[in-house]
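Values below: all heavy atoms of this structure, side chains included; hydrogens, waters and symmetry mates excluded. Residue numbering restarts at 1 for every chain, and letters A, B, ... go by the order of the sequence lines.
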Protein chains: 4
Amino acid sequence: MLFDIEPNSPVPIYEQIVAQVTFGIASGALEVGMLIPSVRELAPMVLAHPNTVARAYQELERSGVIATRRGKGMEVTAAAPQLCRAKRQEIVRDRIRLALREAASSQLSPEEIRKLVDEELSRVNGTNRSREKR
Amino acid sequence: MLFDIEPNSPVPIYEQIVAQVTFGIASGALEVGMLIPSVRELAPMVLAHPNTVARAYQELERSGVIATRRGKGMEVTAAAPQLCRAKRQEIVRDRIRLALREAASSQLSPEEIRKLVDEELSRVNGTNRSREKR
Amino acid sequence: MLFDIEPNSPVPIYEQIVAQVTFGIASGALEVGMLIPSVRELAPMVLAHPNTVARAYQELERSGVIATRRGKGMEVTAAAPQLCRAKRQEIVRDRIRLALREAASSQLSPEEIRKLVDEELSRVNGTNRSREKR
Amino acid sequence: MLFDIEPNSPVPIYEQIVAQVTFGIASGALEVGMLIPSVRELAPMVLAHPNTVARAYQELERSGVIATRRGKGMEVTAAAPQLCRAKRQEIVRDRIRLALREAASSQLSPEEIRKLVDEELSRVNGTNRSREKR
DNA sequence: GTGGTCTAGACCACG
DNA sequence: GTGGTCTAGACCACC
């Protein structure tokens, strides 16, 4: 399970962590009952402070997606996959919508926007493909 | 000239104002030599404090896009259109790229992402079209 | 009588005008009983707004250096030369003191400061000489 | 590291803070990688509001002299010493030049100006010496 | 009327 | 604890 964090995004890091865990559960990379990486394990992986990770986990726990197993760690709940699949769609769609609303407000023509979108879309797909090869 | 500000975006309001003015100059809605709305005029239009607007203007001045006419207001510089057209492309592209990178990291399939993008794209275009009809 | 105004100085323009008139009286360029340039005459000479000039004159009148001759203009008072010679010394000395205090706080060595001062001193003298030749 | 701020100067306090930090880096009092005083620490030291200090730091960050260490403070960048040594010279020279230009425009003779300068120069040097003795 | 500066204090994100 | 953002409102310089 990779965590793709964008430090220069205006989106707070703890929210990005929440999103990444949500994506992991939605995609099945993190399965029900599985222990997710501990705060101390994840912090260096995402180049963040342990407190920042802890805050993300706290939020995930509050929304019922993970639960504390005392002395063991945090575990993916049974209800998580369903919650996370819906949430994933919502997060991705919202972010895309905001970006496109801004693009529309820039007075670039629909054609230019479409061109930009296509360029970036093939770029991320390209990136994914090359990653899959490794 | 409309100012499209998203108060719930993680992007700071003053940066959104910077972007909107940049878009206005890039699109020609704000012309060289023209006085842009005063701090006190714009603040209620974007539902922000005059100081927040002033900070945005300060940043635009620093980048050479507008210049202070003492006692009169802020004027669009001759160099602004060129600077702003480049900057517009950069802002829009960056925002789209971030949204699509996140989408890619969500493990949604390229097809699903494309579908979401198309839905949102037609939605903003639709919004524009309906605006134009009014 | 020349008016040497520095628009990029942090010193307000109206204070610079006050200083320049003071200097003119101290040096004898503006004599007792002489009418000084009207607000409307001076404004374009110093590239300032008439109100700014008016404010400077108001301040000079308050300090007894010039007086209104109704229907004629502003006149240099009998008491002015003495007042202005003292004031000139004070203005010049204060400005030099502030600049040198800042230089001292920069941790440049006294030798370096002395060198900077000498360079600038010969520059302004050189400037004056070339002006005198015209 | 002392911060020498002149509240009655026409130079804005935040610019004076920028200058003082620049001087500190140029002189080596603030070293690369070192955390500079926090906004909340410096504010009472210079008798200014934390926001005024923050504005100065923001400007220093913009010019690449300091960088934010999230949650820790502001750090002197590797590029800073070179930038600041050049900037220091420029700041000091500009301020001296403006003071001497004004002196020249006062019609005081070069000899009188030189005398004033020497008096003030020995005064600040004297101040420094007496400080060093303490 | 304009923008520029400063003080003041709130809240947030992050460590 | 740190800096970043925002609101709020004062005063100033200039037009």
Requested in this report: Looking at every strand, decide which applies to T52(C) at a 4.0 Å heavy-atom threshold: base, sugar-phosphate, or nothing.
Outcome: sugar-phosphate

Report summary line: Between R55(A) and R70(B), the residue closer to the 5' end of DNA chain E by nearest nucleotide is R70(B)

**Report entry** L98(B) side chain reached by P10(A) side chain, heavy atoms, under 4.5 Å
**Finding:** yes

Query raised in the report: Where do C84(A) and V65(A) come nearest, in terms of heavy atoms and distance?
Result: SG-CG1, 3.8 Å

Query raised in the report: When the nearest nucleotide of DNA chain E is assigned to G71(B) and to P12(A) on a heavy-atom basis, which residue is associated with the more 5' position?
Result: G71(B)

Report task. Using modelled atom types only, decide if a donor and an acceptor are shared between the side chain of T77(B) and the backbone of G64(B) within a distance under 3.5 Å. Result -> yes

Query raised in the report: Reckon E61(D) touches a base, only the sugar-phosphate, or nothing at all at heavy-atom distances under 4.0 Å?
Result: sugar-phosphate

Report task. Working to the nearest 0.5 Å, report the span between CE of M1(B) and CD1 of I25(B). Result -> 8.5 Å

Query - G-U wobble or Watson-Crick pairing nucleotide for dG4(F) (cut-off 3.5 Å, both distances) - result: dC11(E)

Query raised in the report: Pick the nucleotide of DNA chain F nearest each of V11(B) and Y14(C); which residue has the one closer to the 5' end?
Result: V11(B)

Query raised in the report: First contact, last contact: which nucleotides of DNA chain E are these for chain D, 5' to 3', heavy-atom distance under 4.0 Å?
Result: dT5(E) to dG15(E)

Query raised in the report: What are the residues of residues 36-48 of chain D, sorted by number, that bring a heavy atom to within less than 4.0 Å of DNA chain F?
Result: S38(D), V39(D), R40(D)

Query - Side-chain touch V11(D)/E6(D), heavy atoms, less than 4.5 angstrom - result: no

Query raised in the report: After noting the C-alpha distance and the side-chain angles of V53(C) and I17(C), does the key distance pass the side chain to side chain contact (heavy atoms under 4.5 Å, CB included) rule?
Result: CA-CA 7 Å; V53(C) 178; I17(C) 297 174; 4.1 Å; yes

Requested in this report: Could you check R93(B), K87(B), R88(B) and say which one makes a salt bridge (charged side-chain N to carboxylate O under 4.0 Å, His left out) with E90(B)?
Outcome: K87(B)

Requested in this report: Answer whether the closest heavy-atom distance between the side chains of L30(A) and I36(A) falls below 4.5 Å.
Outcome: yes

**Report entry** Contact nearer the 5' end of DNA chain F, comparing P50(B) with I13(C)
**Finding:** P50(B)

